[in-house]
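Comments concern the structure below.
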There are 2 protein chains.
Amino acid sequence: MVQYIAPLDLSFAALSDPTRRGVLEQLGRSDASITDLAERFHMTLTGMKKHVSVLEAAGLVVTKKVGRVRTCRLGRRKMAEEAAWIEQYQQLWTARFEALDEIVEELKQRELNNEPDPK
Amino acid sequence: MVQYIAPLDLSFAALSDPTRRGVLEQLGRSDASITDLAERFHMTLTGMKKHVSVLEAAGLVVTKKVGRVRTCRLGRRKMAEEAAWIEQYQQLWTARFEALDEIVEELKQRELNNEPDPK
DNA sequence: TATATACTGAACTAAATGGTTCAGTATATA
DNA sequence: TATATACTGAACCATTTAGTTCAGTATATA
């Protein structure tokens, strides 16, 4: 089976790590080098480089090396797909729980009328 | 270091797998047993049980066993935190790119006025 | 030119993931 | 009571992840 990796797989996986969420927030305030980020998150350069690579693979970060410094910036992806997926889920969720609420409401009414619970 | 696992870690990790996203969508339409889900996603019972456990740990699904059947339903979490995180990120993102746009705009103006590029 | 800085790649590690099979247990059904 | 169904747990497996160290390379700086 040729495994097509959905962008959602990569971005949600990228977001599942607190260090990477922190890096995104940081880059939202200002661009940063690998060294900057490694220091801020108490990690080796190599370790931070890997996190940045994961974010880059997900399209959330872009980097450019000038001289010896690699500068990291936010990528072009505004996470629109991710937001859309969650919003669609929330619609399903709401519909589902409204359906449940109706049932609960019906049971309450039966109880008030002293009708038997229909097993 | 006592590792506090943020709810976002668990839910984003849960969402990073297409099978689990599919299960959530399915449960948005109707409750289902482990067997139902295993069949729909072409997987062993044991395999599906693990996915459901991951979703349950993230609070996205609840299950209840009646007789021999374990029924899975959507959990109470509407992924509000997840949506909020992404929305906050999108605000940062927009601000960041508007800042960049201003710089580009300024450069354009200079070009029009034939001013030198200030190094 | 010598030294310090910034990164990179390979190799290693421990743990987690996503699946499987196999051998149960508990519950329904004929 | 015998059989089929639904799940469960343990064990295994290959791969990925999240980090490390170590040994480089390339670039600045004194």
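A note on names: the letters A, B, ... follow the listed sequences, proteins ahead of strands, and every chain is numbered from 1.
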N or O in side chain of B:Lys65 less than 4.0 angstrom from D:dT8 OP1/OP2: yes

Whole angstrom value for the distance that separates P of C:dA6 from CG of A:Leu37: 13 Å

First of A:Met43 and A:Arg68 reached from the 5' end of DNA chain D, by closest nucleotide: A:Met43

Base-pairing string, 5' to 3', of DNA chain C - Watson-Crick or wobble, under 3.5 Å, | interstrand: ||||||||||||||||||||||||||||||

Any donor-acceptor N/O pair under 3.5 Å between C:dG19 base and B:Thr44 side chain: no

OP1 or OP2 of C:dG19 under 4.0 Å from side-chain N/O of B:His51: yes

Exercise: identify the closest heavy-atom pair between A:Met48 and A:Thr19: CE-CG2, 4.1 Å

Interatomic distance where NZ belongs to A:Lys64 and P belongs to C:dT8 [whole Å]: 15 Å

Heavy-atom donor-acceptor pair, A:Thr46 side-chain to D:dG19 base, under 3.5 Å: no

Residue whose nearest DNA chain D nucleotide is more 5′ - B:Val69 or A:Val66: B:Val69

Which atom of B:Lys49 lies closest to which atom of B:Arg70, heavy atoms considered: CE-NE, 4.4 Å

Short side-chain N/O contact from B:Arg70 to OP1 or OP2 of D:dA6, under 4.0 Å: no

CD on B:Gln26 to CG on B:Asp31, rounded to 0.5 Å: 10.0 Å

Nucleotide nearest A:Asp17 when distance is taken to its side chain, options D:dA18, C:dT8, C:dG19: D:dA18

Straight-line distance of B:Arg77 CZ to B:Ser11 OG, nearest 0.5 Å: 5.0 Å

Touch class at under 4.0 angstrom, heavy-atom based, for A:Gly47 against every strand present: base

5' priority, DNA chain C, between A:Leu45 and B:Arg20 [closest heavy atom]: A:Leu45

Closest to the A:Lys49 side chain, choosing from C:dT8, D:dA18, D:dT8: C:dT8

Smallest separation among heavy atoms of A:Gly28 and A:Leu74, with atom names: CA-CD1, 3.8 Å

Intermediate values then yes/no, side-chain hydrogen bond (donor to acceptor under 3.5 Å, both in side chains), A:Lys78 and B:Thr94: CA-CA 8 Å; A:Lys78 205 185 182 176; B:Thr94 302; 3.2 Å; yes

B:Leu15 and A:Leu8: CA distance, side-chain angles, deciding distance, side-chain contact (heavy atoms from CB on, under 4.5 Å) verdict: CA-CA 8 Å; B:Leu15 292 181; A:Leu8 286 183; over 6 Å; no

